[in-house]
Amino acid sequence: MSDSLERYRSKRDFRKTDEPSGSDGSEGGDRRFVIQKHDASTLHYDVRIEADGVLKSWAVPKGPSTDPREKRLAVRTEDHPLEYAGFEGVIPEGEYGAGTVLVWDAGTYENLRRDDDGNEIPITDSIDQGQVEIRLDGEKLRGGYALVHAKLGGDEENWLLVKMDDDEADARRNPVSTEPASVLTGRSLEEVADDEGPDGGDGKEHD
Ligand code: MN
């Protein structure tokens, strides 16, 4: 079991939240990525990529862009367990990250970074070096994306998420606003909250 999940576990009470505890440590298969839309105290998109048996994670307030000219702030957050990629539901009031989560995009990714001899640079090394380059094969997002450690405002956790300029780049698309629903269940945030919140609702009325 990976020690890198210690921070993840310490923030959560798994008797109260349906989020996975990361106990099965399963590995293997294609490397996955997932982007979860998370309606917490502020709405954001959690970009997570599989590496070293966990999901390396960044919170992107504005969500990813398909326009290479758009640089999106991506705040590095704690590693999450692999099973978290399938989590869609409601984190209860009072718990860490309380709010509704849906799986906004999911798929596999390819590591694009190579050393001078053409060998793949492991993602964890790329993270240490502050330069991650991956090609996504998702339902909404495809093609190259770079995550660059920018330390904006001196904050060590601040990175930038930028679409690489390739065939999948498209300044006219804006999937964050035009394709808001879950790729897992087709539900909106409101529908997930109504289906899975306490007493089958989030306390708000939806027509
Ligand atoms: Mn989040």
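In listed order, ligands and their atoms are each counted from 1.
In this pair, W58 and W159 present their aromatic rings perpendicular. The plane angle is above 60°, beyond the 30 to 60° band.
Protein N/O/S atoms found under 2.8 Å from the Mn ion (ligand 1), listed by chain and residue number: H38 ND1, H44 NE2, D46 OD2.
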Derivation and outcome, side chain to side chain contact (heavy atoms under 4.5 Å, CB included), residues M164 and L112 | CA-CA 11 Å; M164 291 163 73; L112 297 178; 4.0 Å; yes
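Annotation: ring-ring contact (aromatic ring centres under 6.0 Å, His included) contacts of Y84 (sequence neighbours excluded): Y8, H80, F87.
Residue pairs meeting the salt bridge (charged side-chain N to carboxylate O under 4.0 Å, His left out) criterion with at least one partner in residues 58-69, sequence neighbours excluded, are D67-R69. Screening residues 103-117 for salt bridge (charged side-chain N to carboxylate O under 4.0 Å, His left out), with sequence neighbours left out, gives E110-R135.
For R32 and T108, the side-chain atoms include no donor-acceptor pair closer than 3.5 Å.
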